[in-house]
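Note sheet for the following structure.
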Amino acid sequence: MATRAPQRSSFYTRDSGGEHENTPGEYVEWAIRTATEHGVRFTGTASQIEQMIRSNLHHEGDVFLDFGVKGNLLSRPALDAMLRTAEAEAAVSHVFIPRRDRLARPDDPSDGMQIENRLRRRGVTLVYMD
């Protein structure tokens, strides 16, 4: 599978319990550092995702957030928006996700792999913290 030339990145995370208000900001800080390492543009900020949590926003710019949404749901507002963006905009070459279980925690593990493969088939590089 060919990967897209490094250009722009998106960030996706999910918090099913909506109990980790501080962690999403730390994840965005990780995405900022990692975007620099990969040579891609990323416009998200820790204060942005904190405001998204307070305002119940799922998507703003390069940041996609499902806060208070269970991971076994395979259709979620921010996940769906991130997938549409990554598929429609060829400039999105990377998606930063803190951990694999933030992308999906499906009842059937192959469903999570299908989401990953959907992006990889389009040439998008998935980057996890681990």
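Positions are given from 1, in the same order as the sequence printed here. Values reported hereafter were calculated over all heavy atoms of this structure, with side chains retained and with hydrogens, waters and symmetry mates removed.
Taking every heavy atom of both residues into account, A104 and I115 meet most closely at CB-CD1, 4.1 Å. Between D111 and P106 the shortest heavy-atom distance is CB-CB, 3.8 Å.
Using a 4.5 Å cut-off between side-chain heavy atoms of Ile, Leu, Val, Met, Phe, Trp and Tyr, with links allowed through other members, V40 and Y27 fall into the same hydrophobic cluster. At a threshold of 4.5 Å between side-chain heavy atoms, the hydrophobic network of Ile, Leu, Val, Met, Phe, Trp and Tyr places L74 and V95 in one connected group. Taking hydrophobic clusters as Ile, Leu, Val, Met, Phe, Trp and Tyr residues chained together by side-chain heavy-atom distances below 4.5 Å, F96 does not share a cluster with L79. Residues F67 and M52 share a single hydrophobic cluster, defined by chaining ILVMFWY side chains whose heavy atoms lie under 4.5 Å apart. Residues M129 and I97 fall into different hydrophobic clusters, defined by Ile, Leu, Val, Met, Phe, Trp and Tyr side chains chained together at heavy-atom separations under 4.5 Å.
With a 4.5 Å cut-off on side-chain heavy atoms, R8 and T85 count as touching. Side-chain contact between D15 and T13: absent, with no pair of heavy atoms (C-beta onward) separated by less than 4.5 Å. Counting heavy atoms from C-beta on, the side chains of R118 and Q114 never come closer than 4.5 Å. Using a 4.5 Å heavy-atom cutoff, the side chains of L103 and Y128 are in contact.
Checking side-chain atoms of Q48 against main-chain N and O of V63 turns up no donor-acceptor pair under 3.5 Å. With hydrogens and angles ignored, the 3.5 Å screen pairs no side-chain donor or acceptor of N72 with any backbone N or O of D107. Judged by distance alone, with hydrogens and angles left aside, the side-chain atoms of R102 form a donor-acceptor pair with the main-chain N or O of R14 at under 3.5 Å. In this structure, S9 contributes its side chain and R41 its backbone to a donor-acceptor pair below 3.5 Å. A distance-only check finds a donor-acceptor pair linking the side chain of S93 to the backbone of Q7 [under 3.5 Å].
How far CE of M82 is from NE2 of H58: 14.5 Å, rounded to the nearest 0.5 Å. Annotation: the span from S10 atom OG to F42 atom CZ amounts to 8.0 Å, rounded to 0.5 Å. We find the CG-OH distance between D62 and Y12 to be 16.0 Å, quoted to the nearest 0.5 Å. Distance CZ/R99 to CG/D130: 8.5 Å, rounded to 0.5 Å. With rounding to the nearest 0.5 angstrom, the CZ atom of F11 is 8.0 Å from the CG atom of L65. Interatomic distance, CG of D66 versus CG of D80, reported as 8.0 Å (0.5 Å rounding).
In terms of the side-chain hydrogen bond (donor to acceptor under 3.5 Å, both in side chains) criterion, residue partners of R100 (sequence neighbours excluded) are, by chain and number, E116. Take R105 and apply the side-chain hydrogen bond (donor to acceptor under 3.5 Å, both in side chains) test, not counting sequence neighbours, and it matches D101.
Within a 6.0 Å radius of CE in M113, other residues, nucleotides and ligands contribute 12 heavy atoms or fewer.
Looking at Q51 and S55, their side chains do bring a donor and an acceptor atom within 3.5 Å of each other.
Taking the six-membered ring where the residue is Trp, F64 and H59 present parallel rings, their angle staying beneath 30° rather than reaching 60°.
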